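Note that this is a predicted model, so its numbers are computed, not measured. Residue numbers start from 1 in every chain, and the chains themselves are labelled A, B, ... in the order their sequence lines are given, proteins ahead of strands.
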Protein chains: 2
Amino acid sequence: MLVNIDLRRYTAKMSTPVLLPLRDVAEYCTPITQGALSAPDAETLARALKVLADPARLRVISLIAASPESEACVCDLVDALELSQPTVSHHLKQLVEAGFLVREKRGTWAWYTLVPGSLEALAKVLVP
Amino acid sequence: MLVNIDLRRYTAKMSTPVLLPLRDVAEYCTPITQGALSAPDAETLARALKVLADPARLRVISLIAASPESEACVCDLVDALELSQPTVSHHLKQLVEAGFLVREKRGTWAWYTLVPGSLEALAKVLVP
DNA sequence: AATCGATATTGACGAGCATCGATGCGATCC
DNA sequence: GGATCGCATCGATGCTCGTCAATATCGATT
């Protein structure tokens with residue numbers, strides 16, 4: 001069972017890069033309405049959109065953008081989202097790996113900030 | 001079993017509208033980086049993004065946009081996507097219900113076209 | 001160094017979803 | 001009117017993912 005799962009992830013990495021799909025979107029994907037999207041480009045774009053397509057993760061981005069210093073630590077987000085701390089950490093990891101957020105550890109706290117231009121890059125692929 | 005499924009859909013409709021999430025996005029959602037997103041707005045926006053966050057559906061939109069008349073019938077898309085016809089019909093239904101496509105039946109064929117401004121509405125919520 | 005607080009990771013569970021074969025339904029054609 | 005073609009729906013299946021409890025890790029404080 002475990003062998004099967006690892007094998008699938010391995011083959012997935014071989015075919016298309018798994019991390020930072022957003023960078024691949026900005027670098028390689030052509031705008032969606034400008035000519036037919038290739039199958040690999042569609043996969044890359046879908047992976048980036050899928051990270052964004054979750055209420056908790058959208059609120060994370062929104063909360064960070066709305067905060068005074070444009071940053072937030074995990075405990076703030078746990079209070080605001082009313083989700084468990086492991087769940088919030090899980091969403092944050094997804095957003096970092098996709099290229100929407102960066103993590104900076106200062107002492108005990110981990111501060112998350114937006115990657116400038118990340119949302120714009122995605123929007124530009126949707127609307128040229 | 002059937003009663004259970006219908007009940008879930010009914011209660012879902014009571015809490016938040018299920019159809020045309022994209023219209024709700026354009027009408028009610030504030031831009032994601034302009035102030036904190038409310039929980040219902042986050043749910044609505046996530047539902048619209050989730051419809052878009054699939055390689056097959058992205059390619060459908062792209063194929064329609066790239067076609068000469070900006071329209072496509074199911075059989076064209078089945079050939080292009082290399083998916084079964086029920087699967088393609090399923091994706092098309094999702095895109096229509098979300099407000100990205102409209103369906104027009106002409107004779108035996110069903111023709112799908114893009115809803116003008118649908119992608120723009122979504123992009124505007126991401127980037128104000 | 002022992003403890004404590006903040007965060008990350010693991011494992012498991014349940015819901016949702018993408019996919020397909022089988023079937024149903026109209027419209028067209030012979 | 002029967003046969004055929006295009007498309008939608010149904011039921012089932014296997015996978016993905018959001019969530020949380022438990023646990024681990026790591027820095028800070030005493």
Student: Produce the list of close N/O pairs, under 3.5 Å, pairing protein atoms with atoms of nucleotides 26-30 of chain C; give distances to one decimal.
Tutor:
none

Student: Pairs of donor and acceptor atoms involving the side chains of residues 62-69 of chain A, under 3.5 Å and at least two apart or interchain, shall be tabulated with distances.
Tutor:
| from | atom 1 | to | atom 2 | distance (Å) |
| --- | --- | --- | --- | --- |
| A:Ser62 | OG | B:Ile32 | O | 3.0 |
| A:Ser62 | OG | B:Gly35 | O | 2.9 |
| A:Ser62 | OG | B:Leu37 | N | 2.6 |
| A:Ser67 | OG | A:Ile64 | O | 2.9 |
| A:Ser67 | OG | A:Ser70 | N | 3.2 |
| A:Ser67 | OG | A:Glu71 | N | 2.9 |
| A:Ser67 | OG | A:Glu71 | O | 2.9 |

Student: So, do B:Leu114 and B:Leu101 sit near enough that their side-chain heavy atoms are less than 4.5 Å apart?
Tutor: yes
Student: Determine: side-chain N/O of B:Tyr112 to OP1/OP2 of D:dG6, distance under 4.0 Å, yes or no.
Tutor: no
Student: State which residues pass side-chain contact (heavy atoms from CB on, under 4.5 Å) with A:Pro128; sequence neighbours excluded, sorted by chain then number.
Tutor: A:Pro31, A:Thr33, A:Gln34
Student: If the condition is side-chain contact (heavy atoms from CB on, under 4.5 Å), which residues does B:Thr108 pass it with, not counting sequence neighbours?
Tutor: none
Student: So how far off straight is the helix from C:dA1-D:dT30 to C:dC30-D:dG1, going by the axes through five pairs at either end, to 10°?
Tutor: 20°
Student: Nearest 0.5 Å please: distance from the CG atom of A:Leu52 over to the CG atom of A:Leu95.
Tutor: 7.5 Å
Student: Look at the side-chain heavy atoms of Ile, Leu, Val, Met, Phe, Trp and Tyr, link any pair under 4.5 Å apart, and say whether A:Leu119 and A:Val102 land in one connected group.
Tutor: no
Student: What is the minimum heavy-atom distance between A:Pro55 and B:Ala42, and which atoms define it?
Tutor: O-CB, 3.7 Å
Student: Show me the donor-acceptor pairs, under 3.5 Å and distance only, between side chains in residues 77-93 of chain B and residues at least two apart or in other chains.
Tutor:
| from | atom 1 | to | atom 2 | distance (Å) |
| --- | --- | --- | --- | --- |
| B:Ser84 | OG | B:Thr87 | N | 3.3 |
| B:Ser84 | OG | B:Thr87 | OG1 | 2.8 |
| B:Gln85 | NE2 | B:Ser89 | OG | 3.2 |
| B:His91 | ND1 | B:Arg57 | NH1 | 3.0 |

Student: Within this structure, what is the CZ-to-C1' distance between B:Arg47 and D:dG18, rounded to whole angstrom?
Tutor: 16 Å
Student: Expressed as a whole number of angstroms, how long is the span from A:Trp111:CH2 to C:dA6:P?
Tutor: 12 Å
Student: Could you tell me the separation between the CG atom of A:Asp54 and the P atom of D:dT16, rounded to a whole number of Å?
Tutor: 18 Å
Student: Measuring from atom CD of A:Glu43 to atom NZ of A:Lys50, what distance do you get when rounded to the nearest 0.5 angstrom?
Tutor: 8.5 Å
Student: Could you tell me the separation between the CH2 atom of A:Trp109 and the P atom of D:dG27, rounded to a whole number of Å?
Tutor: 14 Å
Student: Which of residues 70-79 of chain B sit near DNA chain D, with a heavy atom under 4.0 Å from it?
Tutor: B:Cys73, B:Val74, B:Cys75
Student: Which of residues 81-93 of chain A sit near DNA chain D, with a heavy atom under 4.0 Å from it?
Tutor: A:Leu83, A:Ser84, A:Pro86, A:Thr87, A:His90, A:His91
Student: Establish, with yes or no, whether the OP1 or OP2 oxygen of D:dC17 is under 4.0 angstrom from a side-chain nitrogen or oxygen of A:Gln94.
Tutor: no
Student: So, taking the atom named CG in B:Asp76 and the one named OH in B:Tyr112, what distance separates them when rounded to the nearest 0.5 Å?
Tutor: 12.5 Å
Student: Of all residues at least two apart in sequence or in a different chain, which pass the side-chain contact (heavy atoms from CB on, under 4.5 Å) check with A:Glu120?
Tutor: B:Val127
Student: For B:Leu52 and C:dC17, give me the distance from atom CG to atom P, rounded to whole Å.
Tutor: 15 Å
Student: Distance check needed: D:dA8 C1' versus B:Glu97 CD, whole Å only.
Tutor: 12 Å
Student: Answer whether the closest heavy-atom distance between the side chains of B:Leu58 and A:Asp41 falls below 4.5 Å.
Tutor: no
Student: To the nearest Å, how far apart are A:Leu49 CG and D:dC17 C1'?
Tutor: 17 Å
Student: B:Glu104: what forms a salt bridge (charged side-chain N to carboxylate O under 4.0 Å, His left out) with it, not counting sequence neighbours?
Tutor: B:Arg106
Student: Distance from A:Leu45 atom CG to B:Asp54 atom CG, nearest 0.5 Å?
Tutor: 11.0 Å
Student: Could you give the CZ-to-C1' distance, from A:Arg103 to D:dG27, as a whole number of Å?
Tutor: 12 Å
